[in-house]
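Just below is one structure, and these are the notes that go with it.
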Amino acid sequence: MGEHPSPGPAVAACAEAERIEELEPEAEERPPAAPEDHWKVLFDQFDPGNTGYISTGKFRSLLESHSSKLDPHKREVLLALADSQADGQIGYQDFVNLMSNKRSNSFRQAILQGNRRLCSKALLEEKGLNLSQRLIRHVAYETLPREIDRKWYYDSYTCCPPPWFMITVTLLEVAFFLYNGVSLGQFVLQVTHPRYLKNSLVYHPQLRAQAWRYLTYIFMHAGIEHLGLNVVLQLLVGVPLEMVHGATRIGLVYVAGVVAGSLAVSVADMTAPVVGSSGGVYALVSAHLANIVMNWSGMKCQFKLLRMAVALICMSMEFGRAVWLRFHPSAYPPCPHPSFVAHLGGVAVGITLGVVVLRNYEQRLQDQSLWWIFVAMYTVFVLFAVFWNIFAYTLLDLKLPPPPW
């Protein structure tokens with residue numbers, strides 16, 4: 001496939017509406033109509049009886065008359081939708097959604113029912129793509145299990161906005177690490193420096209009332225060996241996921257993993273501090289790996305078994321490093337080294353909230369019952385952890401390490 005055709009279905013609809021208006025010279029001049037008004041005019045031409053429905057045959061005729069102006073994959077999807085309508089009719093709201101490229105749950109179900117009618121070659125077989133098109137195609141095959149979604153994403157992606165969230169977080173983490181490295185004069189195992197915990201970004205059990213620490217600890221890493229793996233995973237996994245699912249959804253999973261990580265430490269490893277972005281990283285990576293396993297036959301990424309094995313090995317090595325460091329003799333007794341429990345909190349978020357997000361490409365999460373179940377579970381955990389932090393430390397008469405002054 002060569003260059004993308006620039007006009008989409010909405011442009012085609014507007015053009016048809018303008019042609020209709022030119023056939024009515026006696027009509028009074030009026031202000032420019034909103035896009036939905038154009039679609040209403042066009043819809044009424046195919047629905048003279050004002051029934052609110054048009055036949056799928058007429059809808060197919062409209063699409064075929066504008067086939068040269070539509071992205072070929074989108075035309076293929078819309079024709080499949082028309083073929084899948086059991087009652088042979090399309091309502092006005094469905095018509096507006098289709099022509100404005102809005103995808104609903106009913107849209108997804110109809111497409112899946114009509115998928116057997118799609119007989120054109122797979123996106124992977126298309127030739128003559130430039131570098132950016134090959135990159136977009138690669139991302140589609142890395143993250144999406146259904147060919148129809150891959151084609152839709154390939155035609156829809158504009159790189160506007162770019163994957164700014166993961167890139168911004170990564171740059172901030174690197175910047176803070178370099179600043180601390182210069183300040184402490186140490187880049188490897190920074191966490192063993194006596195002044196390390198004095199930073200106001202680190203989560204410390206004595207300072208748990210300072211709520212920002214439950215989030216800002218991601219900008220502090222134990223050393224370059226800790227930062228390096230987190231940055232690699234964020235860029236290799238997080239950026240493609242953000243390109244497909246958007247900054248809002250991926251940012252939600254990442255931040256939920258970060259908060260769950262620090263709260264899990266405050267409940268399960270009450271005397272330990274927390275540093276590093278592993279909670280958010282493990283949330284994204286575990287969600288991605290779980291999505292691959294659950295859609296194994298549909299995922300067409302190359303060497304997926306080998307790559308999953310490599311990812312699991314890297315995650316295990318990082319987790320093993322964190323466990324070793326936690327029980328290594330501390331450089332600032334009686335306070336232990338940072339906890340490893342944040343990793344587990346991130347994994348828990350990834351295989352619950354994260355999987356629901358990745359399995360519902362461009363679908364409304366609020367329409368998914370499983371989403372609300374996991375949101376409720378996450379909310380209960382957060383409330384439990386908050387009350388635990390308020391009351392449990394006193395009731396258990398736990399001896400905490402002194403503040404890092």
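- Relative orientation of the Phe391 and Phe387 rings is parallel, given thresholds of 30° and 60° on the angle between their planes.
- Nearest heavy atoms, Thr271 versus Lys399: CG2-O, 4.1 Å.
- A donor-acceptor pair shorter than 3.5 Å cannot be found between the side chains of Gln210 and Ser200.
- Remark: the backbone N or O of Gln133 is paired with a side-chain donor or acceptor of Asn130 at under 3.5 angstrom.
- Nearest approach of Tyr254 to Gln234, heavy atoms of both residues: OH-OE1, 2.6 Å.
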>> Please evaluate residues Tyr141 and Glu147 with respect to the criterion side-chain hydrogen bond (donor to acceptor under 3.5 Å, both in side chains), reporting the C-alpha separation (whole Å), side-chain torsions for both, the decisive distance (0.1 Å), and the verdict.
In response: CA-CA 8 Å; Tyr141 275 93; Glu147 182 68 15; 3.1 Å; yes
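- Expressed to the nearest 0.5 Å, how far CG of Asn360 lies from CG of Asp367 amounts to 9.5 Å.
- Using a 4.5 Å cut-off on side-chain heavy atoms (C-beta onward), Arg150 and Lys300 make contact.
- Counting only heavy atoms from C-beta outward, the side chains of Thr352 and Tyr378 never approach each other to under 4.5 Å.
- Closest of all the heavy-atom pairs between Leu252 and Trp371 is CD2-CH2, 3.5 Å.
- At a threshold of 4.5 Å between non-hydrogen side-chain atoms, the residues Pro336 and Arg326 count as touching.
- Aromatic rings from His343 and Tyr282 are positioned such that their centres are separated by under 6.0 Å.
- Atom CG in Asn291 sits 11.0 Å away from atom OG in Ser286 (nearest 0.5 Å).
- Distance CZ/Arg208 to CD1/Ile390: 9.5 Å, rounded to 0.5 Å.
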>> Between Thr143 and Met299, does the side chain to side chain contact (heavy atoms under 4.5 Å, CB included) criterion hold? Intermediate values first, please.
In response: CA-CA 8 Å; Thr143 56; Met299 297 298 290; 5.6 Å; no
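- Side chains of Pro404 and Arg195 form no contact here, defined as non-hydrogen atoms less than 4.5 Å apart.
- Residue Met220 comes nearest to Leu201 through the heavy atom pair CG-CB, 3.9 Å, listed as atom of the first residue, atom of the second, then distance.
- Side-chain atoms of Gln186 come within 3.5 Å of backbone N or O of Leu189 as a donor-acceptor pair.
- Ionic pairing of Lys304 and Glu142 is not present here: no N-O contact between side-chain nitrogen and carboxylate oxygen is shorter than 4.0 angstrom.
- Side-chain contact between Glu318 and His226 is present, with at least one heavy-atom pair separated by less than 4.5 Å.
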>> Set out, in order, the CA-CA distance, both residues' side-chain angles and the distance that settles side chain to side chain contact (heavy atoms under 4.5 Å, CB included) for Leu383 and Thr379, then state yes or no.
In response: CA-CA 6 Å; Leu383 292 175; Thr379 303; 4.2 Å; yes
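- Aromatic ring centres of His337 and Phe327: separated by at least 6.0 Å.
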>> The test is side chain to side chain contact (heavy atoms under 4.5 Å, CB included); show your working for Trp388 and Leu263 and say whether it passes.
In response: CA-CA 10 Å; Trp388 181 272; Leu263 289 177; over 6 Å; no
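- For the atom pair CG (Leu144) and CG (Leu241), the distance works out to 9.5 Å, reported to the nearest 0.5 Å.
- No side-chain heavy atom of Val265 sits less than 4.5 Å from a side-chain heavy atom of Phe340.
- For Trp164, the CH2 atom sits in a loose shell: 12 or fewer heavy atoms of surrounding residues, nucleotides or ligands are nearer than 6.0 Å.
- Ring geometry for Tyr203 against Tyr214 counts as tilted: the plane angle lies between 30° and 60°, on a 0 to 90° scale.
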>> Using the rule given for side chain to side chain contact (heavy atoms under 4.5 Å, CB included), can you reason through Gln190 versus Phe177, listing the C-alpha separation, both sets of side-chain angles and the distance that settles it, and then say yes or no?
In response: CA-CA 9 Å; Gln190 282 185 0; Phe177 174 79; 3.3 Å; yes
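- Figure legend: Arg249 and Phe165 shown without cation-pi pairing, the cationic atom not lying both under 6.0 angstrom from the six-membered ring centre and within 45 degrees of its axis.
- Heavy atoms from other residues, nucleotides or ligands lying under 6.0 Å from CD1 of Ile224 number 12 at most.
- Rounded to the nearest 0.5 Å, atoms OG (Ser369) and CZ (Phe374) are 10.0 Å apart.
- Proximity of Leu358 to Ile250: side-chain heavy atoms (C-beta onward) are separated by under 4.5 Å at one or more points.
- Here the side chains of Leu215 and Ser262 are not in contact, with every heavy-atom distance at 4.5 Å or above.
- Closest non-hydrogen pair, Tyr157 versus Met243, comes out as CE1-O, 3.4 Å.
- The CH2 atom of Trp324 sits 8.5 Å away from the CZ atom of Arg321 when rounded to the nearest 0.5 Å.
- Here the shortest heavy-atom pairing between Val258 and Tyr217 reads O-OH, 2.6 Å.
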